[in-house]
Amino acid sequence: MRTEIIRLKPGSSQEYAVKYAAEILRSGGIVVFPTETVYGIGANAYSADAVEKIFLAKGRPHDNPLIVHVDSLDSIGLAADVDSVPYEPLRKLWPGPLSILLKKNHDISPACTAGMDTVVVRCPDNDFAREMIATAGFPVAAPSANVAGRPSGSDVQDILAEMDGRVDLIIDAGKSRFGIESTIVDPIHRPPRILRPGAFALEDLENLFQGIVQENLKVSGTGQPLTPGMKYRHYSPDKPLYVGTSDQIKELNRSPHGDEYAYVCSRELSRDIQGIKVELGSRNDLYEIASNLFTCLRKLDKVPGKLGVIESFPERGIGAAIMNRIGKAALPLACTGQT
Ligand code: TXA
Ligand code: MG
């Protein structure tokens with residue numbers, strides 16, 4: 001398969017690219033497109049054949065369902081049973097980085113929902129994405145644009161390295177705004193729960209979903225995973241990666257093993273340590289850290305050092321999403337026996 005790339009120029013018309021991408025989707029192809037969170041690999045959510053191409057391109061296990069994207073709240077009925085839709089909060093949150101678990105509309109292909117009778121739906125805050133979906137005329141299934149198990153794609157160079165020859169078209173709109181995936185909320189069960197923390201934090205949702213709770217999302221636990229995706233290894237660079245506090249990392253850096261590691265850390269910690277460093281941004285701006293996280297996890301594999309270590313951040317606001325992703329990509333530093 002030959003992969004075409006269209007680069008969107010800020011401020012100029014996107015009409016041609018929108019029509020072209022929608023045409024590929026209509027003919028059963030798959031398209032990498034921008035959203036405000038990360039890039040998605042889109043296909044017609046009504047077509048089992050088209051959706052199957054996404055699973056193939058990503059090497060994604062078939063029991064891990066895909067998020068379905070709509071162009072507006074008005075078209076949510078194309079993806080979900082409208083009786084299950086909490087319209088009031090969605091009027092405030094959409095378009096935006098919030099995905100919602102609903103009862104599935106029968107037209108959505110079971111391939112998309114891994115045979116379940118629920119579907120996760122979202123309306124992205126990105127003009128290109130919404131116009132493409134509207135022009136296609138059907139909801140668009142789209143997981144993050146990366147090989148299964150790898151960090152999500154928030155930068156087209158990274159995506160191209162993994163997806164060249166596996167998708168029909170890539171729409172390049174520059175670096176993703178948030179760089180971390182949407183928050184997934186389940187409003188069906190009582191109390192409503194956050195299934196995956198994301199760009200919207202618990203604090204942003206508390207007034208909109210009465211009694212909403214953030215489940216303990218640490219991966220190590222036993223029992224049923226909250227979303228099928230949770231049982232799989234995620235966001236992983238090739239280098240073994242550990243996570244520690246800035247104090248633990250400073251101590252490691254001074255130890256005899258210090259030079260075996262590459263350090264993925266904030267600008268502030270970077271000033272206090274020696275050696276190979278990959279900078280995430282300022283500790284005081286967790287949005288900056290989030291937007292650089294996946295690109296830095298990929299950079300880690302390109303720099304010297306046998307092992308990697310990444311700094312931990314406070315779990316407030318978007319920090320909960322950052323730590324959720326780091327928790328899946330890394331083991332606690334204590335596991336090395338070197339601290
Ligand atoms: O920001 C985002 O949400 C991005 C952009 C492209 O929109 N998409 C994304 O999709 O992160 P993906 O496939 O990488 O993650 C979807 C997650 C998976 O963990 C999956 O298990 C869960 O949503 N999920 C999807 N449908 C579900 C369902 N019916 N019930 C429970 N979990 C579901
Ligand atoms: Mg993903």
Side-chain angles (χ1 to χ4, degrees), residues 30-43 45 51 54-55 57-70 79-81 84 94-105 108-126 128-130 132-133 139-154 159 162-163 171 173 176-189 193-200 215 217 219 224-236 290-291 294 318 321 324-325 328-329:
I30 56 175
V31 174
V32 170
F33 66 97
T35 83
E36 79 283 29
T37 55
V38 295
Y39 279 81
I41 308 179
V51 167
I54 297 179
F55 283 95
K58 282 185 65 102
R60 181 171 175 122
H62 285 88
D63 62 352
N64 192 4
L66 311 178
I67 295 184
V68 172
H69 297 65
V70 292
D81 171 356
S84 69
W94 277 12
L98 192 280
S99 298
I100 189 119
L101 182 83
L102 298 168
K103 278 202 202 121
K104 160 187 179 308
N105 160 325
I108 295 288
S109 166
C112 214
T113 59
M116 295 190 292
D117 58 2
T118 54
V119 61
V120 171
V121 187
R122 124 173 170 84
C123 177
D125 186 14
N126 179 285
F128 179 89
R130 286 200 314 279
M132 179 190 75
I133 299 164
V140 171
S144 51
N146 52 276
V147 167
R150 298 276 298 155
S152 298
S154 55
I159 294 169
E162 288 180 16
M163 288 296 152
I171 300 291
S176 310
R177 178 151 40 109
F178 288 108
I180 211 154
E181 307 91 330
S182 61
T183 307
I184 305 179
V185 168
D186 165 9
I188 297 175
H189 297 93
R193 321 178 277 179
I194 293 181
L195 300 181
R196 176 178 75 181
F200 276 124
E215 291 288 333
L217 297 157
V219 269
Q224 282 286 99
L226 287 176
T227 73
M230 286 176 73
K231 63 176 186 269
Y232 294 107
R233 193 174 137 87
H234 245 90
Y235 310 113
S236 308
S291 80
F294 294 137
I318 200 169
N324 168 264
R325 306 313 188 264
K328 292 182 182 194

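Just follow the structure's listing: the first ligand is 1, and inside any ligand the first atom is 1.
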> Taking only residues two or more places apart in sequence or in another chain, which ones pass salt bridge (Lys or Arg N to Asp or Glu O under 4.0 Å) with Glu36?
Arg122

> Under 4.0 Å, heavy-atom basis, I'd like to know which part of Thr118 is in contact with ligand 1: side chain, backbone, both or neither.
both

> I need the atoms of ligand 1 closer than 4.0 Å to a non-hydrogen atom of Glu181, numbered in the order shown.
1 (O), 2 (C), 11 (O)

> Can you tell me if Pro124 contacts ligand 1 (heavy atom of the residue under 4.0 Å from the ligand)?
no

> If you count the atoms of ligand 1 from 1 in the order shown, which ones are under 4.0 Å from a heavy atom of Met116?
28 (C), 29 (N), 30 (N)

> Can you list every pair that meets side-chain hydrogen bond (donor to acceptor under 3.5 Å, both in side chains) and has a residue in residues 179-189, with sequence neighbours left out?
Ser99-Ser182, Ser152-Glu181, Glu181-Tyr235, Glu181-Arg325, Ser182-Arg196, Asp186-His189, Asp186-Arg193

> Report the member of Pro65, Ala142, Pro61, Ser152 with the shortest heavy-atom distance to atom 25 (C) of ligand 1.
Pro65

> Kindly write out the residues that satisfy ring pair (Phe, Tyr, Trp, His ring centres under 6.0 Å) with Phe55, not counting sequence neighbours, or none if the list is empty.
His62

> So which heavy atom on Pro139 is nearest to which on Val68, and how close?
CB-CG1, 3.4 Å

> Within a distance under 4.0 Å of any heavy atom of Asn64, pick out the atoms of ligand 1 and give their elements.
18 (C), 20 (C), 21 (O)

> Testing the basics here: between Ile54 and Gly42, what is the closest heavy-atom pair and its distance to 0.1 Å?
CD1-C, 4.1 Å

> If you measure from each non-hydrogen atom of Ile184 to ligand 1, which part falls under 4.0 Å: side chain, backbone, both or neither?
side chain

> Which atoms from ligand 1 have a heavy atom of Ser182 less than 4.0 Å away?
1 (O), 2 (C), 3 (O)

> Between Arg60 and Pro143, is there a donor-acceptor pair closer than 3.5 Å when you use the side chain of the first and the backbone of the second?
no

> Any nitrogen or oxygen of Arg196 lying under 3.5 Å from a nitrogen or oxygen in ligand 1? Just yes or no.
yes

> For Leu101, which part has a heavy atom under 4.0 Å from ligand 1: side chain, backbone, both, or neither?
side chain

> Could you report the tightest heavy-atom contact between Val51 and Ala45, atom names first, then the distance?
CG2-CA, 4.2 Å

> I want to confirm something. Looking only at heavy atoms, which of Glu36, His69, Lys58 is nearest to atom 7 (O) of ligand 1?
His69

> Please name the pair of heavy atoms, one in Ala148 and one in Gly59, separated by the smallest distance, quoted to 0.1 Å.
CB-O, 3.4 Å

> Give the minimum heavy-atom separation between Thr35 and Pro124, together with the two atoms involved.
CB-CB, 4.0 Å

> How about Trp94 and Val121: do any of their side-chain heavy atoms sit closer than 4.5 Å?
yes

> Checking the side chain of Lys58 only, and the main-chain atoms of Asn146 only, is there a donor and an acceptor separated by less than 3.5 Å?
yes

> Closer than 4.0 Å to some heavy atom of Ser144 - which atoms of ligand 1 meet that?
8 (N), 9 (C), 10 (O), 12 (P), 14 (O)

> For the Mg ion (ligand 2), check which protein N, O or S atoms are under 2.8 Å away and list them.
Ser144 OG

> Any idea which of Gly115, Gly40, Ser99, Pro34 brings a heavy atom closest to atom 6 (C) of ligand 1?
Gly40

> I'd like to check Cys123 versus Pro95 (side-chain heavy atoms, cut-off strictly below 4.5 Å). Are they in contact?
yes

> Hey, which atoms in ligand 1 end up nearer than 4.0 Å to a heavy atom of Thr37?
1 (O), 2 (C), 5 (C)

> Between Ile41 and Ala145, what is the shortest heavy-atom contact and its length?
CG1-CA, 3.6 Å

